Amino acid sequence: MKKIINDPNEVVQDMVQGLVAAYPTKLKVVPDTLVIARQDAPVQGKVGLVSGGGSGHEPAHAGYIGKGMLDCAVAGEVFTSPTPDQVLEGIKAADGGEGVFLVIKNYTGDVLNFEMAAELAEAEGIQVEKVIVNDDVAVEDSSFTTGRRGIAGTVLVHKIAGAMAENGASLQEVKRVAEKVVANIRSMGMALTSGTVPAAGKPSFQLEENEMEIGIGIHGEPGIERKPIASADDIATELVERIMNDMEIPKESEVAVMINGLGATPEMELFIVNQKVQSILKDRGIYVFQTFVGEFMTSLEMAGCSVTLLKLDDELKSLLGAPSEAPAFRI
Amino acid sequence: MKKIINDPNEVVQDMVQGLVAAYPTKLKVVPDTLVIARQDAPVQGKVGLVSGGGSGHEPAHAGYIGKGMLDCAVAGEVFTSPTPDQVLEGIKAADGGEGVFLVIKNYTGDVLNFEMAAELAEAEGIQVEKVIVNDDVAVEDSSFTTGRRGIAGTVLVHKIAGAMAENGASLQEVKRVAEKVVANIRSMGMALTSGTVPAAGKPSFQLEENEMEIGIGIHGEPGIERKPIASADDIATELVERIMNDMEIPKESEVAVMINGLGATPEMELFIVNQKVQSILKDRGIYVFQTFVGEFMTSLEMAGCSVTLLKLDDELKSLLGAPSEAPAFRI
Amino acid sequence: MRLDVNKTIQWMQLTNEKMQANKDYLTTLDQPIGDGDHGINMARGFQEVASKLNESTYTNVSDVLKDVAMTLMSKVGGASGPLFGTAFLKLSTKLKGEESVKQDIFGTALTEAVNGLKQRGKAEEGEKTMVDMWAPIAQLFLEDSNVTADTLLSTADSALTKIKEMTATKGRAAYFKDKTVGHQDPGAASTYLIFEALAEVWKGDSER
Amino acid sequence: MRLDVNKTIQWMQLTNEKMQANKDYLTTLDQPIGDGDHGINMARGFQEVASKLNESTYTNVSDVLKDVAMTLMSKVGGASGPLFGTAFLKLSTKLKGEESVKQDIFGTALTEAVNGLKQRGKAEEGEKTMVDMWAPIAQLFLEDSNVTADTLLSTADSALTKIKEMTATKGRAAYFKDKTVGHQDPGAASTYLIFEALAEVWKGDSER
Ligand SMILES: Nc1ncnc2c1ncn2[C@@H]1O[C@H](COP(=O)(O)OP(=O)(O)O)[C@@H](O)[C@H]1O
Ligand SMILES: Nc1ncnc2c1ncn2[C@@H]1O[C@H](COP(=O)(O)OP(=O)(O)O)[C@@H](O)[C@H]1O
Ligand SMILES: [Mg+2]
Ligand SMILES: [Mg+2]
Ligand SMILES: [Mg+2]
Ligand SMILES: [Mg+2]
């Protein structure tokens with residue numbers, strides 16, 4: 001394992017300290033927790049926005065804290081969802097009297113811990129609503145199983161729900177718009193290599209020198225298929241087609257595109273993928289309202305990428321384009 | 001070689017297409033070149049700012065194009081400086097009548113090609129000035145040799161010279177402030193793994209499973225020492241100390257800090273390094289005006305990081321904090 | 001068996017020893033069909049449980065189990081943390097007021113725990129989760145009026161054998177679908193350790 | 001030897017063949033003490049030179065060499081592109097008006113090329129660069145009134161031997177310091193190919 005760390009069991013603590021030290025005027029840590037909040041949180045009179053989950057997906061989620069996006073992010077151990085008491089601290093830190101909205105990625109652990117925190121918060125008189133993001137089309141969408149995973153699309157839920165909250169919307173309005181995003185967003189990823197959880201010390205899985213995995217999750221969960229590495233154009237085509245088979249995007253629609261790097265993939269390669277994604281959309285008569293290329297939801301040092309498409313209407317467009325002061329998502 | 005690319009000989013072309021497709025309202029390509037420019041370039045009445053170099057260092061340099069930073073970036077082949085005719089196209093595209101300023105990293109190839117381009121531009125009646133960035137303290141500073149390399153600190157030269165030009169300063173004033181930055185900026189990097197040039201198909205160098213290299217350059221040029229991997233705290237300490245041995249930073253000074261990822265290093269690790277860098281500076285009574293953590297000057301998918309310190313005065317502080325609309329450097 | 005404060009504490013301390021001893025084993029189970037953190041999570045959680053019980057004094061079983069529940073809830077994380085937390089919280093609630101817990105009331109409390117687990121995790125029996133270990137044990141205590149350490153162990157053993165052959169449809173393992181058949185469920189394996197500890201405490205009791 | 005338009009074109013076409021044949025070899029030289037692109041750069045550049053010369057017609061040596069210079073300048077990149085470009089541009093300038101180039105004027109032109117190189121790259125002799133190949137050859141043409149293909153080759157050979165043992169202090173190789181001793185300089189090796197091609201064109205000439 002080659003990593004620039006101190007104690008592998010303390011990486012999350014060290015990271016949170018280093019994060020807040022980088023943006024001391026923007027962020028603060030809730031004392032004795034791994035909860036990071038806007039310096040001015042709780043913002044009175046505004047719905048509070050809280051997200052979080054296991055660490056190892058940086059800049060998710062603490063990088064998305066700031067005016068126009070999240071109020072708080074709760075950091076769990078690497079790839080392990082945070083506990084309800086920590087999430088409760090996040091909810092309290094975000095509560096400005098208008099209720100708190102939770103953005104949860106659809107993993108059993110995240111859902112359980114955040115839901116329990118919501119119950120605890122409600123017991124303390126804080127109104128809580130939530131949305132569960134499940135944008136990963138690599139997984140069958142069945143109500144009998146765990147269902148689809150939440151991946152990079154989650155960041156656009158933060159963005160749009162955050163803009164709505166910043167506009168002074170009510171908890172119910174924030175929920176409505178967040179659910180609209182979830183209904184219209186789809187993602188799919190692929191990987192060339194595995195990341196290594198620091199405390200585990202060895203890669204989570206193995207891919208052969210000439211192999212890639214299509215549909216992989218951000219913790220290395222299995223995807224759709226392992227096969228020989230294809231060209232960037234073929235990879236982009238497969239990801240986009242699987243997304244569009246799942247969600248119809250009619251001609252003349254407007255979409256947002258996110259090309260997300262999983263950690264070790266150079267930006268050069270993300271732009272090469274973007275080139276093909278844009279040309280496919282153009283060929284299908286779909287308009288691109290805005291494109292995001294970079295690392296938004298990583299998986300430690302996994303090499304690979306994901307593509308996200310979000311179908312937009314006028315409301316979503318204006319919220320997506322609204323200002324954000326989050327360090328990892330400046331608009 | 002595991003890469004998401006099409007033809008390894010066409011990666012730069014594909015990347016430039018994908019980049020401009022991502023930001024169609026902000027960037028444009030000068031037809032039949034690998035020169036990327038602000039959509040509104042040349043900006044009349046403003047000194048034009050041009051940088052560039054070999055590709056593989058993304059987001060450097062095209063990500064730094066935008067109001068408040070560069071007007072143009074010239075992309076060479078991977079790790080190969082662009083040719084004078086390409087740089088000349090960049091100079092022409094940036095020339096708004098007040099002259100053009102070149103930010104050049106100190107590598108023989110870059111210096112030669114940019115200087116020849118400057119001569120060609122002057123022959124066409126365009127006034128050209130330049131600064132050569134050599135912030136890498138890993139290399140001996142000797143006028144008898146090639147001298148120090150330009151690495152991540154270059155980005156802060158773009159930022160500050162860009163703000164100066166945007167303020168309407170003259171070519172000589174832009175040069176003065178750029179030289180001030182170069183005089184006060186120092187960097188040093190380290191790596192855990194090598195990147196792979198797509199056309200070469202195999203890693204540029206080899207490090208053992210337990211080995212790191214201190215002082216490595218952004219093309220894998222040799223550094224100061226290969227030795228067993230140390231803790232993040234020890235690495236941060238060594239990088240900062242080597243910088244401070246080279247440039248005195250008295251107590252009560254104000255500095256900007258950049259913690260730069262070389263490509264494959266997770267942001268988590270960069271924040272862990274930042275944590276230690278900030279605490280060393282604090283212990284020495286040095287104030288941090290602003291911190292930048294992320295990937296600013298990469299080396300393909302090299303794992304590793306660099307630390308940059310820039311000593312600030314009031315002028316540099318106000319220019320550093322001025323707005324920038326560059327996609328990879330929003331302020 | 002009758003569970004009093006001391007026995008309950010012994011039970012939890014022995015469980016902690018088993019979690020530490022089986023940390024790597026549980027993590028290994030969680031690698032092929034999960035994310036390889038279950039042993040780390042359980043060892044961290046029960047370590048904290050042991051410290052908590054050491055530094056406090058208790059007058060009834062319910063309070064012990066409440067502290068176990070709250071500690072697991074706030075230290076384990078992941079899917080298993082809230083689930084074990086819920087199970088122990090239900091035990092604690094149901095056993096409130098009992099100074100020395102008899103078998104029948106323990107069976108009712110375990111049934112409450114199973115209901116709590118199912119509600120929390122939305123898993124039914126047969127989905128290859130810890131539910132498939134808790135449920136048959138609760139049933140044993142409800143239906144057999146004379147449970148012994150040995151019948152407890154043999155019930156747990158046969159549950160383990162069945163679970164291994166199931167296909168996961170809940171939790172992280174569900175993404176691995178058919179590939180889960182033939183692999184043991186880590187949460188069921190850690191639940192097994194909890195009841196193995198109970199049986200051993202119980203045996204030590206009858207041997208005395 | 002006398003260099004006319006045809007000979008000059010032959011010289012450059014043969015150089016291109018050599019660059020293609022030695023592409024991997026030159027890159028291999030550039031790996032331990034550089035960044036491993038010299039063969040790729042030179043092969044790309046001379047390929048373009050060959051195409052350019054094929055598709056144009058020339059009436060004098062200077063024009064041929066000017067196109068060579070401009071093509072190398074705009075297609076090679078890196079350190080070597082502007083350097084070879086400068087060298088050939090100086091040759092072109094100095095040979096302007098010469099229909100058939102004699103040895104002495106060729107010597108003067110080469111000396112100009114060396115001066116141009118030095119000025120452009122700020123390298124002196126002895127710094128383990130292509131200058132250490134161009135300079136002794138220019139000197140040979142200046143000082144020996146009867147240069148032959150063989151003296152040209154032997155001068156180039158002995159330069160190569162010396163360069164290998166030098167320590168690089170200019171260009172990318174300078175970062176490798178003492179480690180460059182015993183490694184051949186890639187730019188000197190590609191310059192060798194250029195003059196080897198000249199010698200062979202010349203030999204073919206005298207054999208006819
Ligand atoms: N919905 C569920 N209901 C009951 N038990 C579950 C459920 N989901 C997961 N589990 C249990 O949790 C165990 C995994 O726990 P752990 O590895 O600690 O959490 P995570 O899956 O979040 O990494 C599984 O082996 C299974 O027994
Ligand atoms: N300052 C200099 N003066 C003369 N020749 C130089 C100088 N710097 C480098 N060279 C030559 O250029 C060669 C390297 O060329 P190349 O690999 O194509 O460029 P780069 O070093 O930019 O990758 C060296 O082998 C050396 O002969
Ligand atoms: Mg987990
Ligand atoms: Mg090069
Ligand atoms: Mg797990
Ligand atoms: Mg080279």
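Keep in mind that this is a model prediction, so the values were computed, not measured. Every chain is numbered from 1, with letters handed out A, B, ... down the list of sequences.
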Answer with side chain, backbone, both or neither: which region of C:Thr27 has an atom nearer than 4.5 Å to a non-hydrogen atom of chain A?
neither

Does atom [atom1] of [X] have more than 12 heavy-atom neighbours from other groups under 6.0 Å away?
X        : atom1 : result
C:Lys162 : NZ    : no
A:Glu122 : CD    : yes
A:Glu10  : CD    : yes
C:Lys66  : NZ    : no
A:Lys3   : NZ    : yes
A:Asn245 : CG    : yes
C:Phe176 : CZ    : yes

Taking ring pair (Phe, Tyr, Trp, His ring centres under 6.0 Å) as the test, write out the residues that go with A:His61, two or more places apart.
A:His158

Holding to ring pair (Phe, Tyr, Trp, His ring centres under 6.0 Å), I want the full list of residues that pass it with C:Tyr192, two or more places apart in sequence or in another chain.
none

Counting heavy-atom pairs closer than 4.5 Å to chain A, which one of C:Ser74, C:Gly34, C:Pro32 comes out on top?
C:Ser74

Using a 4.5 angstrom heavy-atom cutoff, name the option from C:Asp35, C:Asn41, C:Thr86 with the most pairs to chain A.
C:Asn41

Measure distances from [X] to the heavy atoms of chain C and classify the residue's part below 4.5 Å as side chain, backbone, both or neither.
X        : value
A:Asn106 : backbone
A:Thr80  : both
A:Glu77  : side chain

Of the non-hydrogen atoms in C:Lys75 and A:Thr83, which two are nearest, and what is the gap between them?
N-CG2, 3.9 Å

Separation of C:Ile40 CD1 from A:Phe79 CZ (nearest 0.5 Å)
12.0 Å

Quick one: pull up CG in A:Asn9 and CZ in C:Arg44 and give me the separation to the nearest 0.5 Å.
9.0 Å

Quiz: residues 218-228 of chain A side-chain donor-acceptor pairs under 3.5 angstrom, not counting sequence neighbours:
unit_1	atom_1	unit_2	atom_2	d
A:His219	ND1	A:Glu221	OE2	2.6
A:His219	ND1	C:Arg172	NH1	3.4
A:His219	NE2	A:His57	NE2	3.2
A:Glu221	OE1	A:Ile218	N	3.4
A:Glu221	OE1	A:His219	N	3.0
A:Glu221	OE2	C:Arg172	NH1	3.0
A:Arg226	NE	A:Glu213	OE1	2.7
A:Arg226	NH1	A:Gln206	O	2.8
A:Arg226	NH2	A:Glu213	OE1	3.2
A:Lys227	NZ	A:Glu238	OE1	2.7

Do A:Val197 and C:Asp37 have side-chain heavy atoms sitting under 4.5 Å apart?
no

Close approach to chain C in residues 111-119 of chain A, criterion heavy atom under 4.5 Å:
A:Leu112, A:Asn113, A:Glu115, A:Met116, A:Glu119

